Structures are given as C-alpha cells and as structure tokens.
Amino acid sequence: MTNTPEGRVREERYNAAEIEPRWQRIWDDEAAFVAPKGNPDAPYYVLEMFPYPSGRIHMGHVRNYTQGDVIARYKRAKGHTVLHPMGWDAFGMPAENAAFERKSHPAKWTYANIDAMRSQLKRLGPAIDWSREFATCDPSYYGKQQALFLEMLEAGLVYRKNATVNWDPVDCTVLANEQVIDGRGWRSGAMVERRELTQWFFKITEFAEELLDGLDDLKNWPDKVRLMQANWIGRSSGLTAQFTRTDCDDTIAVYTTRPDTLYGASFVAIAADHPLAKSLAESDPKVADFCKKCAVLGTSEEALEKTEKRGLDTGLSVCNPLVPDMKLPVYIANFVLMDYGTGAVFGCPAHDQRDLDFARKYGLNVTPVVLPAGADPDDVTIDAEAYTGPGTVFNSGPLDGMAVEEAKTKAIEIAEEKGWGAGATTFRLRDWGVSRQRYWGCPIPVVHCPTCGVVPAAKQDLPITLPDDVTFDTPGNPLDRHPTWRQTTCPKCGGDALRETDTLDTFVDSSWYFLRFAGLDKDAPFDSAAANHWMPVDQYIGGIEHAILHLLYARFFTRALQRCGLTEHSEPFKRLFTLGMVCHETYQAGDGRWVMPEEVDKSGDKAVLRETGEALTVGRSEKMSKSKKNVIDPDDIIAQYGADVARWFVLSDSPPERDFLWSDVGLEGSWRFIQRVWRVAGQCLDACSEDISEKPAALSDGALALHKHTHKAIDAVSKALEGMQFNKAVAAMNSFVNGIDTGISGDGAAWAVREAADTLARLIGPMAPHLAEELWAELGHDDRLYRAPWPQVDPAMLEEDTVTIAIQIRGKLRDTIDVPKDLDKALVEERALAQPKITAAIDGQTVRKVIVVPNRIVNVVI
RNA sequence: GCCCACGUGGCGGAAUUGGUAGACGCAAGGGACUUAAAAUCCCUCGAUCUUUUUGAUCGUGCCGGUUCGAGUCCGGCCGUGGGCACCA
C-alpha cells in the first residue's frame, strides 16, 4: 500500500471502473483535445475513416480508432498541435432496409445508432475533438454538398448521360449489385434485367492522367494501394482503327493495344449494347434474343467476366484496314464492354487467350504473327495457349522482322498516313455515375422544367432537404411517390417544374468530409483558409477494402475542388495506412441460423449452444459481420476489463495491416500486463526519489543498467510508433516492464527508478492513456500527462561495447563469440578460426574463403 | 475471370530489410508460496535422433534458381483474403 500525493490509499489493483471514467471527465472538462481555431504551429491532422452508423461499435472499429488515437496522442506528445475529429458516414442503404423491415424512419434509426455508437466510442477514452462532429445526413452537411455539386456543375465537371442499372422487374426498382444474388433480385427473386436510365456523372476521366501521375508523389502510401489504383485507372496506348463494312460504306471503330497483330486478325466483336448491335436487333429476332441474354447478367464486371464467353455471328463482315483483302466476320460478344475503348475489338487468337478460346469455339482462323526468339517460322503451332510474350513479327507484310513495340509504332504510323486510324491513349477508368434511385441520400439539387429543361437549383434554396413524411412499405424511391415534394418552380422561368428525385451516391459524402472537419463553417462547405492550413491529412487510417474506390474518389474531389478554387491542395492524404480486418470464427445451428460467440460454450473444437446444449457447426474465421453474428461487443470487454485493456489488446497481437483473428484468451494476457504495470509502478513509488531534474554525477552499476534499460525502451517504443508497428511497441513495453528492477541500490538508484517510472507513464500514454494519467498524477506531477512531452533518448545509452558474432561454416551456425564492438576484421577472423568448435569442424580441410561482416557474422567456406 | 496482397512453432507474431529463425505474448507442462483457491514468482517449451550434458539432422505453404549465406531476392505452382465501379 502506498499513499498517493492526493492522500488516497493506492489500491492493490488498477481499478478501471473508477479510474477511467474519472479521467474521461477531466479530459472533457478541460477540453483537452479540442483543436484550436486559427493557424496553430506544427499542425498534424490524424483521421480515421469515419464509421457508417450500423448500430453498435464492433471490434474492427475499436482497432481502427485505437490505432488512430495512439498516433494522435503520440504526435501531440511530440509537440504537434493535433486535429483528430470524428463524424458519421450516415447515408446509405442499411437505413432504408431497416425502415422497410422495422417500419421506422431512416433518420430515426440512424441518429439512434449514432448516439449509441458515440457513447460506446467515448468509453474507449479517445483523444477526439468532438466539437467538430457531424453526420453526413445532417442538412447542414448535405446542403453544403449540394452547393459543391452546383460549383462542379458550373465548372463543367458534371453531366448527364445514359447508363445501365440492375432492374428488378417484379419490385420495379433499381438494385445495387449487392442486392443481386446469382442474377436474381434479393427480395423478389426475379431475374434481374439491365435497363438504361439517364443519370448524373462526375467527369473523373478528365483527371485520369493526373490521378495516375499523382500516385508517384504519394510516397507514404502503401505500394500495393498505389499499384491497385494505377491498374484501376489503367492507362494504355494503342490504335483506334476504322474497319469498313463490306456491304456498305459504314465503318466500325475498333480500339486495340496490339496493332502489331493486325495481320493475325480473324474476327471483329462488338458489345451487345453497341449501336450497331441495337440496330441489328430491331430487324433480326436472333440478334435481339442474344442481346437480351447478354443483359441478364447484372452490371458487375465480376459477373460478366466469370460467365462463359459467347458470341453471335451477325453475318456482316468488315475489311481489315491494314490488309485490305482480308475480310473479317463481325460477332456480337458478351465479353466486349461498351464502356471501354470503342465498344468493339478485333480478335487475334494466336496472341490473346480470350480470342483463342473464342476462335476455337466458333472455328475461326488462328494465324501466328509474333515469333518468339529462336523459334522456327515454318514450325510455329498454337494449341491451347496463346503466345503473349515478346518476339519478332512475321507473316505481316510491312511489319515483318520488327520487334513487337516497333511494329505497334509502325502500324499506327501507317494508319495515320493512310487516314484509317490514329494512335490513342485510353483509360480503363470510367466516369463516376452518382445518381441513386433512393431516399436516404443527398438530393441532387436540380430541377426539371418543361420549358427550360434541366436547371440547377438556386443557391439560396439550399439545402434542399429530404421530406420526413415518407413510407417504405412499397419498393422503389419514396421521393418519386411523395405527393408534394417534387413540385417546385423553375429557378429560371418561374414556371411549374419538378425536382430531381435521385440522390447522390454515398461515396460523394465521404469524398470531402475531411475538408469540412478541418474548416468547419456555418455558411460555406468549408472555410478554405482553415482547410488549407490543416490539409492534407497527415495520417489517414482505414480498411484496405477502400484501397480503390473511396480513396480514388476523394483524390478526384480534392482536385476538382482545387480547380473550382476552393482548396489549394491537389491530394487529400499525405500518409495512408491500411488496416486488416478483425475476424472471428462462425457458429451455425442445424437449422442454418447463426449464433453469437457469447451464446456459445466451446471445448476443444466442439461448440454447443449454452442454453440448450445443441451442437453447433464451427466455421472458419472470417471478417466480423452482423449477418453471420460472429461479432464481439466491445462494451462487454470494457465492462469486464476496462478500456485500457481493450485498447492494449487490439494493439498487441497482429501487425495492424494484417487481419486480426479474435481470441478471448489473449485478453487475459493484456489484463495481466495492465495490472503488472500498476504493480511495478507501485514498487517504483516506494523506491524512487521525488526530484528527477538533475542526473546524478555518479551512477552505481545497477542504476546505470536501469538507466540504459529505460533509454532502450524509449528508443524501441518510439521507433515502433513512428512505423505504426503497435504490436512491436507492445513487445517493447513488455520487455521494459519486465526489466525494471526497483531493488537496485547505490549512487543514483532512486533517481534511476524515478526516471523509469516517469518514462513508463509517458511511454504507455498513447496506448493506455487512463492508466498513464493516473500514474503520472501519482508520481506527483501537477500538470496532465496529455500535455507532457515525449521522453528523449540519450543515444549514448544505447551503445554497447561488445557484440556477439555468429560463426558459420558454409552458412551453418557452428558457434558464437563475444568481441569488442567494431573490432578489426582480421582480428575477428583470427579469433573465429581459433574457436575449438570451429577448428574441430574444419578438421584440417582447406579454408577457401572467410567472409567477415562487421559486428555480425563470420562465414568460413571450406 | 481480372487486379492486389498474404502464407514462419500448438496459437498471435519477431527477425537490424540478404547475415545467429522463433524476440515478446498466449496456451501447455513442471515447481515455489498458500490450510486451500485466486493472484504472484521461477523453470521447460519447433521436429526427429542421440546423449547425463555436449551434440547431429531437418525446419519459414510446395517445386526449382541466384548467393559464401535466402523467411527475406528471382521463376513456376498451391492455398487464403481484399477489390472489381449501386455494400460501406
């Protein structure tokens, strides 16, 4: 028992239930984490991807927000002024589904979820600036988003065109890809059709080049994310060529990245929604039928690509423009995408696997035109595998003898000279369709006027708010059915007009929220000066599942708003860290229903339902999800062990970028560690001195050893936190605490113990902040730990004067020796070869070579 | 199908980025303390063989390669996960 400075009696155990809420109140009362207005020095913006308010916080959130919090607290200790806000990505389908299932309004459901999740989150004690909190479904947010939409419309970055959607013919509603299961609507079970609607698009393709080139400057993004984005944008260079029909003068524009293989062409294929296919379908029922079959797959690329490649011969043929006497049949094919290139391709089966499969299926020619190095031109056969490697072009008239790249350039040159084609750079990236036929989203601020056409809403009419009096008992968009909401007047002519009833894709909501956090403003979408000061986000943290879409859209939005003059930055996120997911095994009862882990009793590999003893099937560990009920509620853990134990645990085991396999047993270990810190700190309090300001002139061996131990811990923990290797920071803290010896004596012993205790509190501060503040107060500090600076390493204390060197013989470890650090290579070699185990192993054989790596290893080659 | 990752003891993982594989933790086993339990502390802990120790061989998903030396680099497989544009 130790008396604390405040006269309280120190408890035997760390009492989370008492200590944690107390510190949370103090932080709150002191507005500890509210970022200052104005332009503070050394700004640091930490942001975790904001959550969708699905109902309850799950361990994935705990992991994400704890990691962001460690960075926020660490950067503050390092002297930064930190902005660490929180909000809610609150529009989306689940709220409408809940409305449909429970007959409650999406807004009510969403705000109730936000309240529940906010209080759960606060129990973790995060250093968040709650004064900037907002939800994207607040009219004060989405109204500003409508203003941004109008800005972008004015800047020519928004337009309308037709696009295909999944149409459920029974429910008469548009379905998300997620709602299409095996080609059927999830509720009606009807076969889904593709249907064309006029929709709003953002011109992201106008930024394709700069979004691609900009990746090179994002040095602190994971390489894999940059690569995925580069592939997604997909720049390719090739040729757009006109293939003239043999029956008339019309041409079909074909895009290819392989103009070098034009002599190997054996067919032309067009998309089922190509204008030519559509016009053929009008007169030919066989074509119409085939096109209709192509349309039942839904709109996802995965579904299209996985389906069997099929084609229909239209009976038409075209001339190969490079080889005028070569006639090619024209097919309609289900694998050609209207959205990419020109919606038409030529097939060269010898050098493209998909084309080869197609040619084999429909009995088309296979003519090799690229010769691999060393192959015999008279003996080239293509069987089941197309040749896609480098080589020399042959069988190809003017291109003969050229290397592939050279032949591509030459073919484009000929096309441009003769006028039947032109070199073209194409992107895989498509414009971003943002229209959604749903209620729970941001209304698109335009008006349809019978006389003026599509007219932007007047800025003074914003926000255009969602009506509250809607019902979800019938499928489809309630805004369409609302008796009065649509009716308005045209901002241009003042006549009767109708509002747009589509709402914006929820990805729009999350494409600029970081700007509003930084420059929260009553009137503007964001205060540009404030946003420019905080932006770009210094550290962005979130799930790897957002590697492409969310991150690309946010990058696009930032550039688009820069063009509109609203921000000076072109990239939103300076440093990105992507997290793995939290997984748990699943439990399923005989009737197929899923069972929550808390209802299960497990012994070995067997699991039973606790209440009834019914046997359960144990499934593999996968991403925690509501649908499979394999979720752990953090509230139970916080109630039982406390927030710091929960935080410590999610930081401890897996490296953050890897998936985290949940296990309850690990929690006990974290609990023991927190208790251990409490006990060791208590021992320190008994043995330490009050005054730490002056380092004593002399230190006993024990004091010096502890002093060194402390500085090694500072070094290890700092490096781990800088690299976001929280599991390594935890390991370093374990070693530190294990090695704090309070039983030392002699010169400076009390000082060294005091230094260790202070350092202990500071180093665990970012990870276990409640415990750390409590220890800091116990140590008699007047000020708060959250305002205390990070400890500094004395580099001299990290030096060792001896090193252990491994001695290998032909790469196999035979012995180790301790030598003075930086000992001369020749001396190291001499000593190594003199070791009895080494002489015995060499056993008189000739030593051919000795490799000496300073301070590390000696390898003897015999 | 395409793009991107990942794969190390019973388990989570570490390995100074090509240099002693298994740090740290969990689980397990043994012991101390205790009337007992909890808590705490100490010891053992990749596999096989051998041995009192010493030691030997194998070992980082599989097959091959580069190197004095490979968990790390290269090529080819297998498996798992993420994304595929209307899930967020």
Side-chain angles (χ1 to χ4, degrees), chain A residues 12-13 49 51-52 54 89 91-94 163 165-166 174-180 199 204 222-225 227-232 234 298-307 309 335 339 353-354 428-438 505-507 509-510 543-550 552-553 578 580-581 583 620 622-623 652-655 657-661 663 665-670 672-673 675-676 679 725 727-728 730-735 738 804-816 837 848-851 853 855-862:
Chain A
E12 293 282 343
R13 290 199 182 169
M49 292 177 186
Y52 177 78
S54 55
D89 187 15
F91 276 136
M93 285 200 310
V165 294
N166 300 308
V174 177
L175 297 178
N177 283 338
E178 191 190 50
Q179 298 169 317
V180 179
Q199 311 218 43
I204 188 171
D223 287 342
K224 62 175 170 181
V225 175
L227 192 55
M228 279 190 266
Q229 292 217 350
N231 289 338
W232 184 262
T299 57
S300 85
E301 188 178 316
E302 185 190 1
L304 289 177
E305 288 286 334
K306 272 189 179 165
T307 195
K309 309 289 179 284
F335 58 82
D339 290 321
Q353 192 59 45
R354 195 179 57 190
R428 205 186 77 98
L429 182 68
R430 310 198 294 258
D431 274 335
W432 175 13
V434 292
S435 297
R436 298 292 180 270
Q437 296 69 43
R438 280 189 255 288
D505 178 7
T506 58
F507 271 121
D509 310 340
S510 54
I544 183 65
E545 68 273 19
H546 296 293
I548 296 174
L549 291 179
H550 161 60
L552 191 62
Y553 291 149
T578 52
M581 291 164 309
C583 302
R620 73 186 168 88
E622 55 188 306
K623 178 177 172 174
S652 65
D653 269 10
S654 293
E657 68 276 14
R658 232 188 268 184
D659 288 349
F660 183 101
L661 305 172
S663 78
V665 283
L667 257 170
E668 297 283 341
S670 296
R672 274 203 290 271
F673 176 80
Q675 295 305 335
R676 193 178 162 81
R679 264 198 324 276
Q725 298 168 302
N727 57 324
K728 283 164 76 173
V730 164
M733 285 305 298
N734 266 308
S735 303
N738 287 344
T804 303
I805 287 189
I807 309 170
Q808 301 181 329
I809 289 177
R810 267 181 290 169
K812 281 199 174 168
L813 181 72
R814 293 297 167 196
D815 204 358
T816 60
K837 282 185 195 167
R848 296 217 311 259
K849 198 159 134 193
V850 179
I851 286 143
V853 180
N855 298 329
R856 201 146 290 171
I857 205 164
V858 174
N859 192 9
V860 181
V861 188
I862 52 176

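Quick caveat, the model's predicted, so the values are computed rather than measured.
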Please state how far atom CD in A:E302 lies from atom P in B:rC87, giving the value in whole angstrom units. 12 Å
Hey, is the side chain of A:N177 poking within less than 4.0 Å of OP1 or OP2 on B:rA85, counting only N and O atoms? yes
Can you check whether A:N231 has a side-chain N or O nearer than 4.0 Å to OP1 or OP2 of B:rC4? yes
Using a 90° cut-off around 0 for syn, call B:rU60 syn or anti. anti
Of the listed nucleotides (B:rG83, B:rG19, B:rA85), which one gets closest to any side-chain atom of A:I857? B:rG19
Ignoring hydrogens and geometry beyond distance, is a side-chain donor-acceptor pair present between A:R428 and A:N231 at under 3.5 Å? no
Using the P atom as the point on both nucleotides, what is the distance between B:rA47 and B:rG10, in whole Å? 7 Å
Check the phosphate of B:rA5 against A:R658, side-chain N and O only, distance under 4.0 Å to OP1 or OP2. Yes or no? no
Taking OP1 and OP2 of B:rG25, is either one under 4.0 Å from a side-chain nitrogen or oxygen of A:R676? no
Using atom CG of A:N738 as one end and atom C1' of B:rG25 as the other, report the distance to the nearest whole Å. 10 Å
Taking only the P atom of each, what is the distance from B:rU16 to B:rG22 in whole angstrom? 13 Å
Please measure how far the P atom in B:rA85 lies from the corresponding atom in B:rG19, and state the result in whole Å. 42 Å
If you compare every side-chain N and O of A:R672 against the phosphate oxygens of B:rA27 (OP1, OP2), does one of them come in below 4.0 Å? yes
Heavy-atom pair with the smallest gap, counting every atom of A:I862 and A:R848: O-NH1, 3.7 Å
Distance check, C1' atoms only: B:rG29 and B:rA23, in whole angstrom units. 22 Å
Phosphate OP1/OP2 of B:rG19 contacted by A:R810 side-chain N/O (<4.0 Å): no
